[in-house]
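Here's the structure we're looking at; comments come further down.
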Amino acid sequence: MSAPDTNTEKTKPAHKTPIVGMIAMVVFAIVLLFGLVTWLSFAGNDPEEAGGVENGISTEVTEPAAPSAE
């Protein structure tokens, strides 16, 4: 059931504060997202950094062995 008497002009001031708060939270989240993307782009891996290959692991490309017929 719906309300029998709705006066939207009377309820506007009561909804103003929550709407302003929601808008502020969305703007704050966008600012945080922009800051995260900026920080990640500047703190990313540099191409000059040492490689990610552990000692003892060969990086040579070898030809695959021919399949054996049994």
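Here K16 contributes atom NZ and T11 contributes atom OG1; the two are 13.5 Å apart, rounded to the nearest 0.5 Å.
For K12, the salt bridge (charged side-chain N to carboxylate O under 4.0 Å, His left out) partners at least two apart in sequence or on another chain are E9.
The other residues sharing a hydrophobic cluster with F28 are L32, where clustering joins ILVMFWY side chains under 4.5 Å apart. Residue I30 shares its hydrophobic cluster (ILVMFWY side chains chained together at separations under 4.5 Å) with V26.
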